Amino acid sequence: MTPKPFSQPPSSSVHVFDPCLTINSGQMFLWEKIGQYWYGTYGNHILKFSESGVKDDSNNEENIEFSSLPEYNRWQYDVFRLDDDINKILSDFSRDILVSEAIRLYPGLRIMRQQPEQCMLSFVCASNTNILMIRRMLKNLSRKFGAKLELDGREFFTFPTAERINRADDNELRSCGLGYRTKSIKNMAKNIVSGEIDIKYLKSTNYHNAKKDLMRVYGIGNKIADCILLFSLEKLEAFPIDVWIARTLFYHYGWQTKDMKEPKRNKKLSTNQYNILSETAREYFGKYSGYAQQYLYYHIRESAHKNW
DNA sequence: GTACAGGCAGTAT
DNA sequence: ATACTGCCTGTA
């Protein structure tokens with residue numbers, strides 16, 4: 001399975017991030033727009049920014065108003081990854097036709113940096129379900145186990161800590177709509193509290209070590225581990241492969257592993273197939289493969305008129 | 001009623 | 001290594 005060579009020259013245009021587009025891309029679950037403001041749950045913080053100013057003066061984000069509760073100074077640098085050199089990252093793989101098309105259509109799309117504990121507890125709920133359902137589960141969890149904060153005369157709930165989830169009653173968790181994921185989130189929380197899952201270590205070690213460590217937890221498989229690594233543990237080479245990405249790798253890139261005749265439905269990727277495709281993607285897209293995945297994912301979902 | 005939605009673990013071959 | 005199966009919940 002040799003990757004096709006790049007077939008387009010690198011793009012040299014300037015890229016400016018678009019927070020709204022980024023939030024809408026399905027990587028973040030607990031953000032909502034109320035009036036002209038976006039509000040997001042980030043661990044024990046509620047983050048807020050104004051939408052106005054993004055479109056009119058797209059060359060700087062100075063006139064976007066950012067705030068938070070409790071105070072988190074300049075959170076946008078962490079959360080919107082303004083520390084990334086986006087032009088360098090995009091030029092790393094923008095010669096690929098499909099990704100460069102996605103970059104042209106959605107130049108403001110980015111990856112957001114999530115709070116690791118929240119990210120782990122969130123994505124462990126994301127198996128075999130859709131984004132609407134994930135949102136519902138996480139909202140229910142926050143309402144039930146998070147702390148209530150008042151902002152702009154409205155109630156918000158922070159995301160529950162692992163410690164709180166760990167001592168939550170199974171039936172209470174289940175009543176949030178988790179179903180069989182109850183066991184998974186409970187195990188995730190337990191592993192975080194006990195220190196079996198050590199966020200500092202996961203951040204500092206390399207991609208493969210961190211992934212191996214994460215996948216020891218009940219409920220964390222290949223895909224969910226990659227999401228956690230990409231969105232919260234600084235592993236930009238992580239390339240999560242869901243059914244959509246798998247179909248794209250098959251139909252567009254022609255990267256079929258043995259027996260992957262038609263990944264239409266029922267045909268789930270085996271662990272081995274996942275690993276082969278994942279490695280192939282990293283070789284092809286480079287050390288920022290996660291960004292390429294995000295552009296691909298958004299593009300193919302939009303083309304399919306999927307609702308978020 | 002049936003099919004499907006951004007997987008994973010357990011078991012059998 | 002791969003194939004098959006069950007699984008909560010909600011919607012079309």
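None of these values were measured; they are calculated from a predicted model.
- Taking 4.0 Å as the cut-off between side-chain N and carboxylate O, A:Glu172 and A:Arg167 do not count as a salt-bridged pair.
- Residues satisfying the side chain to side chain donor-acceptor pair (under 3.5 Å) test with A:Ser67, not counting sequence neighbours, are none.
- The CH2-P distance, from A:Trp244 to B:dC4, rounds to 13 Å in whole Å.
- Summary of the strand contacts: A:Met215 and A:Ile134 both lie near DNA chain B, and taking for each the nucleotide with the nearest heavy atom, the more 5' one is attributed to A:Ile134.
- By the 4.5 Å side-chain criterion applied to Ile, Leu, Val, Met, Phe, Trp and Tyr, A:Leu149 is assigned to a cluster that also includes A:Ile34, A:Tyr37, A:Tyr39, A:Ile46, A:Leu69, A:Leu151, A:Phe156.
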Task: Candidate pair A:Arg282 and A:Glu237, rule salt bridge (charged side-chain N to carboxylate O under 4.0 Å, His left out), full reasoning - done: CA-CA 7 Å; A:Arg282 263 187 296 288; A:Glu237 70 266 53; over 6 Å; no
Task: Stepwise salt bridge (charged side-chain N to carboxylate O under 4.0 Å, His left out) check, A:Glu196 with A:Lys190 - done: CA-CA 8 Å; A:Glu196 281 287 309; A:Lys190 193 175 113 190; over 6 Å; no
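- C:dT5 and B:dG6 have their P atoms separated by 23 Å, given to the nearest Å.
- Between the C1' atom of B:dG7 and the CG atom of A:Asn187 lies a distance of 16 Å, rounded to the nearest Å.
- Stem regions for DNA chain C, each three or more consecutive Watson-Crick or G-U pairs with both distances under 3.5 Å and listed by first number, read B:2-5 with C:9-12, B:7-13 with C:1-7.
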Open item on the list: For a side chain to side chain donor-acceptor pair (under 3.5 Å) check, start with the C-alpha distance between A:Tyr284 and A:Asp96, then their side-chain angles and the critical distance, and finish with the verdict.
Closed with: CA-CA 9 Å; A:Tyr284 178 64; A:Asp96 175 76; 2.4 Å; yes
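- Counting any heavy atom pair closer than 4.0 Å across all strands shown, A:Val217 reaches sugar-phosphate atoms only and no base atom.
- Rounded to whole Å, the C1' atom of B:dG1 lies 15 Å from the corresponding atom of C:dG10.
- Contact check on A:Arg301 versus A:Asp242 returns no salt bridge, with no Lys/Arg side-chain nitrogen under 4.0 Å from an Asp/Glu carboxylate oxygen.
- Atom CG in A:Leu269 sits about 15 Å away from atom P in C:dC4, given to the nearest Å.
- One can place CD of A:Gln273 at 15 Å from P of B:dG7, the figure rounded to the nearest angstrom.
- Sequence neighbours left out, not one pair with a member in residues 194-230 of chain A passes ring pair (Phe, Tyr, Trp, His ring centres under 6.0 Å).
- Residue A:Leu214 contributes atom CG, which lies 12 Å from atom P of B:dC8 at whole-angstrom precision.
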- [ ] Applying side chain to side chain donor-acceptor pair (under 3.5 Å), run through A:Asp84 and A:Tyr288 and close with a yes or a no.
- [x] CA-CA 11 Å; A:Asp84 281 341; A:Tyr288 305 115; over 6 Å; no
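- Atom name P, nucleotides B:dT11 and C:dC8: the rounded distance is 15 Å, in whole Å.
- For residues 222-231 of chain A, proximity to DNA chain B is found at A:Asn222, A:Lys223, A:Ile224, A:Cys227, defined as any non-hydrogen atom under 4.0 angstrom from a strand atom.
- B:dG7 atom P lies 10 Å from atom CD1 of A:Ile131, rounded to whole Å.
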TODO: List the protein contact pattern of nucleotides 7-12 of chain C with one symbol per nucleotide (5' to 3'): B for base contact, S for sugar-phosphate-only contact, - for none; contact means a heavy-atom distance under 4.0 Å.
DONE: BBSSS-
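- A salt bridge links A:Lys186 with A:Asp170: the closest approach of a Lys/Arg side-chain nitrogen to an acidic carboxylate oxygen falls below 4.0 angstrom.
- Of the listed nucleotides (B:dA5, B:dG6, C:dA1), C:dA1 has the atom at the smallest distance from the side chain of A:Asn272.
- No side-chain donor-acceptor contact under 3.5 Å links A:Thr129 to the backbone of A:Met133.
- Distance, A:Met188 CE to B:dG7 C1': 16 Å, rounded to whole Å.
- Taking OG1 from A:Thr41 and CG from A:Leu138, the interatomic distance works out to 9.5 Å, rounded to the nearest 0.5 Å.
- With DNA chain B read from its 5' end, the first of the two nearest nucleotides for A:Tyr218 and A:Pro240 is the one closest to A:Pro240.
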